[in-house]
Amino acid sequence: MKNTESANRELHKAYVRKLKVEQRWIRFWQISIFMIFFSFWELASRLKWIDPLLFSAPSKIYKLFIAKASDGSLWMHINVTLFETVAGFIIGTFAGILLAAMLWWSTRFSKIIDPYLVILNAMPKVALGPIIIVALGPGYISIIAMGAIISIIITTLVVYNAFQEIDSNYIKVLQSMGASKRVCFKEAIFPASFPTMISSLKVNVGLSWVGVIVGEFLVSKQGLGYLIIYGFQVFDFTLVLFSLLVIAFFAAIMYQLVEKLEKKLIKH
Amino acid sequence: MPLLSVNQVSHHYYSKKDYTKALENISFTLEQGEFISILGPSGCGKTTLLSIVAGLINPTRGEIILDEVSAAEPGNKAHMGYMLQQDYLFPWKTIKENIMLGPKINKTIDNSIKERADQMLEEVGLQGIGDSYPDELSGGMRQRAALARTLITEPKLLLLDEPFSALDFQTKLRLEDFVSQLLKQYNKAALLVTHDISEAIVMSDRIILLKPRPGEIKQVFRMPPELRKISPFQARQHPSFQAIFDEVWKEMSALEKY
Ligand SMILES: Nc1ncnc2c1ncn2[C@@H]1O[C@H](COP(=O)(O)OP(=O)(O)OP(=O)(O)O)[C@@H](O)[C@H]1O
Ligand SMILES: [Mg+2]
């Protein structure tokens, strides 16, 4: 009896060890790919396998990073873009959810508005950029609007769909207790749609970056999008690639934060 | 004056093309402390009837009177406890939060209700798991939690839509005994929907047999008092059980030919 108990423990230990080994392998390959990619890039650029003027090199980008970081201009651009992206992301998501709630509230309203939503959703929102900039002025307000507008309609459609998909028997349970429509929304519809809302948050992280970067292209005053378009105009592709890497870095962080939020909100 | 009267209720479901007669001219009354089962084949309108009594759907014709007030009155819902075919516990709420949903909606939460929730949990044999989530419970435990949620508001009338059909046989027998004993103890009335003949026999004072398309009352059976005095479990073994079963079975099989 005791023997089998300790044998079972051994088996469990072996299982845990196997998990750890597997995890280490995955990390190893992730880091390897990263290293190989950047070393190969550096090498290819130095040996002129690729055009160094166009594709730059990690070492050049790193030098640029040191220079920009020490003169402080980098932080200013990052600040501006991050602020615009986060604001656009939050406004777009919340307005989308609010609109979905309104559609849910009135079935007639949702039926009336349906074809317009479909068209608006299909339309490439960045094409509205010039109009937005003229209407709201060439500043951060327009750029935030671009970051928001790009995700608002798709959020509305996806979340409204989730609102409708809840098993109507949950509503029946609440109604049999005398719940009003508002209470049904608060107790059942809204919490049941949390997973969908979180997954649309994840999509919106990417979308609002697109909106904001395009907005900065157009307004061309400051921010990471401006650095890209400026680098393009003066043919400094080190600057372009550098800005891209910075954007990738912060987009990844935003995504991680949303995942943390997901773990916190959805336990059951 | 009976606790509940169902007066000439008919219900039609409409679609663009046509309408379905789900219920046709249903009338019966239910006294305080009485237990009635609605028995009938699938699709004969049992769930529809229960939803109408609960005030969730307005009948096409007829009316429901509960305690001399129309069931459509908003305040009346609080006097009925409706338990659906499945437990429909909210997965993101703990068991205790689920149980206190009724008082929360009716804004009657106070310390005594919290104590009552603990007491309810104990009564349905779920003490100590109030902080668990529904997905951590077995099917039988979930059903009991749903029962506690229905009972905490102290409804005058319990509406049960096949509450035991998804359970294994042993759990079902135990829950039948439990519900029956609880209803007798508090002298509550109940309306049970089922298509299990033996369940109807051992639980009820009267059985209303519905026939399908359209749902009409085919026959009403009154259960003998000797079965009412004992628990459902004992009633299944009572000598007079088999004869009643055969009688109801015969009528119900005749319906299936429709
Ligand atoms: N929402 C609805 N819209 C249209 N027809 C419906 C609707 N709900 C039920 N019906 C129809 O009304 C009839 C009665 O349905 P109901 O659900 O009341 O039957 P039931 O006796 O509860 O059946 P079961 O034993 O299978 O649960 C059926 O013919 C069904 O097709
Ligand atoms: Mg049914």
Side-chain angles (χ1 to χ4, degrees), chain A residues 93 97 100-101 104-108 110-112 114-115 158-202 258-268, chain B residues 47-48 50-58 71-95 97-108 131-137 145-146 149-155 157-162:
Chain A
T93 308
I97 292 173
W104 179 82
W105 194 263
S106 160
T107 319
R108 180 183 280 169
S110 86
K111 278 185 186 148
I112 293 173
D114 180 66
V158 169
V159 173
Y160 177 54
N161 212 17
F163 284 170
Q164 283 179 306
E165 247 160 39
I166 181 177
D167 188 335
S168 65
N169 283 313
Y170 282 109
I171 308 295
K172 235 177 165 182
V173 167
L174 291 171
Q175 281 176 339
S176 78
M177 293 170 176
S180 62
K181 197 163 185 181
R182 199 182 60 82
V183 172
C184 286
F185 185 79
K186 187 178 137 245
E187 296 290 339
I189 305 282
F190 192 74
S193 311
F194 264 4
T196 309
M197 289 186 215
I198 294 286
S199 58
S200 75
L201 280 186
K202 286 182 182 169
V258 171
E259 270 193 337
K260 277 235 173 74
L261 184 77
E262 173 176 28
K263 287 223 179 79
K264 212 168 197 178
L265 281 180
I266 302 175
K267 285 184 204 124
H268 286 273
Chain B
T47 300
T48 308
L50 220 53
S51 301
I52 290 174
V53 172
L56 298 180
I57 348 182
N58 281 325
E73 297 285 319
N76 229 341
K77 290 201 182 108
H79 301 308
M80 286 187 268
Y82 190 0
M83 190 169 156
L84 280 77
Q85 197 156 349
Q86 277 150 41
D87 54 70
Y88 290 107
L89 296 170
F90 291 82
W92 55 86
K93 290 179 188 290
T94 64
I95 294 301
E97 284 167 352
N98 264 293
I99 289 176
M100 299 211 294
L101 202 55
K104 187 178 176 193
I105 287 169
N106 299 314
K107 303 205 168 62
T108 50
D131 294 326
S132 313
Y133 285 87
D135 60 4
E136 296 163 341
L137 269 58
R149 176 173 70 183
T150 317
L151 291 174
I152 196 169
T153 49
E154 305 188 352
L157 171 62
L158 214 55
L159 305 171
L160 307 166
D161 193 350
E162 308 196 29

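Since the structure is predicted, the reported quantities are computational estimates derived from the model, not experimental observations. Order of the sequence lines fixes the chain letters, A, B, ..., with proteins taken first and strands second; residue numbering starts at 1 for each chain. When reading the values below, keep in mind they use all heavy atoms of this one structure, side chains included, and skip hydrogens, waters and symmetry mates.
Here the CD1 atom belonging to B:I105 is positioned 8.0 Å from the OG atom belonging to A:S176, to the nearest 0.5 angstrom.
Residue B:L89 touches chain A through its backbone alone, counting heavy-atom pairs closer than 4.5 Å. Only the side chain of B:S51 comes within contact range of chain A, with heavy atoms under 4.5 Å apart.
Residues satisfying the side-chain contact (heavy atoms from CB on, under 4.5 Å) criterion with A:N169, sequence neighbours excluded, are A:D167, A:K172, B:L84, B:Y88.
Using a 4.5 Å heavy-atom threshold, the side chains of B:L101 and A:L174 count as touching. Using a 4.5 Å cut-off on side-chain heavy atoms (C-beta onward), B:T153 and A:M177 make no contact.
Residues of residues 188-199 of chain A that come closer than 4.5 Å to chain B, counting heavy atoms only, are A:A188, A:P191, A:A192, ordered by residue number.
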